[in-house]
Amino acid sequence: EIVEMMFSKTIEEMEKKEVNEDDLIHGGRRMRQPLFGRSEEMKKKAVEILEAKMKNVKDDNEKSQTTMMMLIRTGEEGAVERVLNKMEEKKRGELMKRMNRGGVTVNHMCVRMGKKEMMKVVKKQQQGDEFGEKTKSGWNVAHLASLNNEPETVMEVIEMVGKKKEEMMKEKGGRRGWNILHLLASQEREGGGGGEKEEEEKKAVEMMKWVMGMKIVGIDEKDEEGQTALHLGSKTGRVEIVKCLVDDGGANVNIEDNEGKTALAMVAESGQSFDVAEVLLNRGAIVSSKSSILAVAINKGNVEFVKSL
């Protein structure tokens with residue numbers, strides 16, 4: 001009841017112009033997430049504001065794109081379709097192709113959010129192959145879709161693009177030339193504490209198993225710095241991902257990067273807990289390598305790791 005009263009109060013304040021529109025739509029400087037995600041009533045209000053903004057935008061392409069992306073974030077595909085249908089064909093085409101300062105388009109935003117119906121709405125409005133274009137950093141839509149931990153979404157996106165799954169899954173992106181396994185291994189999972197985060201990690205592991213099961217991407221494939229997915233998973237302290245890569249994928253625990261560092265050395269250097277190191281050691285990781293793991297751990301002040309050795 002108290003929460004409902006708070007939402008109701010916020011809407012009243014919004015109507016009185018006591019709440020800044022930026023807080024409702026963007027989140028502003030005072031909060032991480034926009035207010036519209038807290039209730040259906042507030043989302044409805046946000047959609048009304050964004051639709052009105054899109055109607056009034058004339059020649060400012062950057063402003064129209066920012067507004068459209070926020071409208072997509074509300075998850076209201078009906079509102080997005082209404083706005084796109086009302087736009088001139090030329091204007092709509094420019095909006096779809098334009099990248100924001102982060103190097104992503106409206107398409108990329110839909111895919112990253114995993115909004116299937118929204119993806120269909122946006123795809124329907126395009127004439128060419130814009131949907132399959134990469135981000136400025138070189139990530140394709142299959143990469144982005146994989147971060148939602150839903151294999152069916154990845155396959156649906158690939159089908160929308162019209163390319164072979166082998167071709168899209170093999171592609172590398174980012175300045176370091178990561179494949180899809182690198183990306184999954186390095187990505188920190190969102191979510192709250194406790195069970196919610198564990199559930200997200202479980203989904204990430206299932207997604208990785210699905211990718212490995214396709215046998216398209218090499219488990220020990222290296223990026224520009226010579227690091228494998230196991231290096232990245234170890235460096236970020238992701239125990240279940242490391243177990244998955246080694247136990248299910250057969251990753252080489254002693255493979256070295258361009259600087260002669262193994263996954264175990266990454267754990268020592270990054271200051272992660274000993275949990276990941278224990279997994280690696282129990283699966284044949286060698287303590288001595290070109291760069292002394294113990295020396296690295298001491299130099300980095302990783303006391304827990306030093307004690308365990």
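The structure displayed is predicted, hence computed values, not measured ones.
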Take Glu81 and Lys124 through the test side chain to side chain contact (heavy atoms under 4.5 Å, CB included) and record every step on the way to the result. CA-CA 10 Å; Glu81 189 165 24; Lys124 187 173 68 173; 2.7 Å; yes

Looking at NE2 of His108 and CD of Glu133, how far apart are the two atoms once the value is rounded to the nearest 0.5 Å? 7.0 Å

Taking all non-hydrogen atoms of both residues into account, name the closest pair between Leu183 and Ser146 and its distance. CD2-OG, 4.4 Å

Hey, are the side chains of Leu181 and Glu221 touching, using non-hydrogen atoms and a 4.5 Å cut-off? no

Salt-bridge criterion met for Glu259 and Lys261 (N-O under 4.0 Å): yes

With Leu50 as reference, evaluate Met68, Met69, Glu76, Met70 under the side-chain contact (heavy atoms from CB on, under 4.5 Å) test and give the passing residue. Met70

Can you tell me how far the CD1 atom of Ile72 sits from the CE atom of Met113, to the nearest 0.5 Å? 8.0 Å

Leu95 vs Leu84, side chain to side chain contact (heavy atoms under 4.5 Å, CB included): CA-CA, chis, key distance, verdict: CA-CA 10 Å; Leu95 175 67; Leu84 291 174; 4.1 Å; yes

What one should report as the nearest heavy-atom pair of Ala142 and Ile180 is O-CD1, 4.1 Å

I'd like to know whether Glu206 forms a salt bridge (charged side-chain N to carboxylate O under 4.0 Å, His left out) with Lys203, so could you lay out the CA-CA distance, the side-chain angles of the two residues, the decisive distance to 0.1 Å, and finally the verdict. CA-CA 5 Å; Glu206 291 304 314; Lys203 289 180 181 177; over 6 Å; no

Quick one: does Lys116's side chain get under 4.5 Å of Glu152's, heavy atoms only? yes

Distance (rounded to the nearest 0.5 Å) between Asn107 CG and Met118 CE: 12.0 Å

Side-chain heavy atoms of Arg283 within contact of Lys243, under 4.5 Å: yes

Indicate the atoms forming the closest heavy-atom contact of Glu225 with Asp223, along with that distance. N-OD1, 2.8 Å

Considering all heavy atoms of both residues, which atom of Asn254 and which atom of Gly284 are nearest to each other, and what is their separation? ND2-O, 3.0 Å

Given the options Leu232, Asp257, Val276, Met266 meets side-chain contact (heavy atoms from CB on, under 4.5 Å) only with Asp257

Side chain to side chain contact (heavy atoms under 4.5 Å, CB included) between Ile241 and Glu201, worked out: CA-CA 8 Å; Ile241 287 293; Glu201 195 72 13; 3.6 Å; yes

Taking the side chain as every heavy atom from C-beta outward, state whether Arg175 and Ser137 have any atom pair closer than 4.5 Å. no

Reported CG-to-OG1 distance for the pair Leu147 and Thr153, which is rounded to 0.5 angstrom: 11.5 Å

Please tell me if the side chains of Arg112 and Val141 come closer than 4.5 Å, counting only heavy atoms from C-beta onward. no

From the list Met119, Glu156, Met160, side-chain contact (heavy atoms from CB on, under 4.5 Å) with Val111 holds only for Met119

Using a cut-off of 6.0 Å, state whether more than 12 heavy atoms not belonging to Lys170 lie near its atom NZ. no

Would you name the heavy atoms of Val122 and Cys110 that are closest together and state the gap between them? CG2-SG, 3.5 Å

Going by side chain to side chain donor-acceptor pair (under 3.5 Å), Asn140 matches just one of Glu171, Glu167, Lys134, Lys163. Which one? Glu171

Under 3.5 Å: donor-acceptor pair, side chain of Asp248, backbone of Lys209: no

Is there side-chain contact between Ser234 and Leu280, with at least one heavy-atom pair below 4.5 Å? yes

A side-chain contact here means heavy atoms from C-beta on lying under 4.5 Å apart; do Thr135 and Leu144 qualify? yes

Check ion pair Glu94-Lys91 (N to O, under 4.0 angstrom): no

Taking Ala265's backbone N and O only, do any of them form a donor-acceptor pair with His231's side chain (distance below 3.5 Å, no angle check)? no

Do Glu199 and Lys202 meet the salt-bridge criterion of a basic N to acidic O distance under 4.0 Å? no

Is it the case that one hydrophobic cluster holds both Met214 and Ile158, taking links as side-chain heavy atoms less than 4.5 Å apart, direct or via other members? yes

Lys136 meets the side chain to side chain contact (heavy atoms under 4.5 Å, CB included) criterion, sequence neighbours left out, with Met99

In terms of hydrophobic clusters joined by side-chain contacts under 4.5 Å, are Ile219 and Ile255 together? no

Could you go step by step and tell me if Val253 and Leu264 meet the side chain to side chain contact (heavy atoms under 4.5 Å, CB included) rule? CA-CA 8 Å; Val253 295; Leu264 191 61; over 6 Å; no

Below 4.5 Å, heavy atoms only, C-beta onward: do Val211 and Met169 meet side chain to side chain? yes

Measuring from Thr74:OG1 to Glu48:CD, what's the distance to the nearest 0.5 Å? 11.5 Å

Set of side chain to side chain contact (heavy atoms under 4.5 Å, CB included) partners for Lys97, sequence neighbours left out: Glu130

Those residues at least two apart in sequence (or on a different chain) that pass side-chain hydrogen bond (donor to acceptor under 3.5 Å, both in side chains) with Trp139 are none

What are the two closest non-hydrogen atoms of Cys244 and Met212, and how far apart are they? SG-CE, 3.4 Å

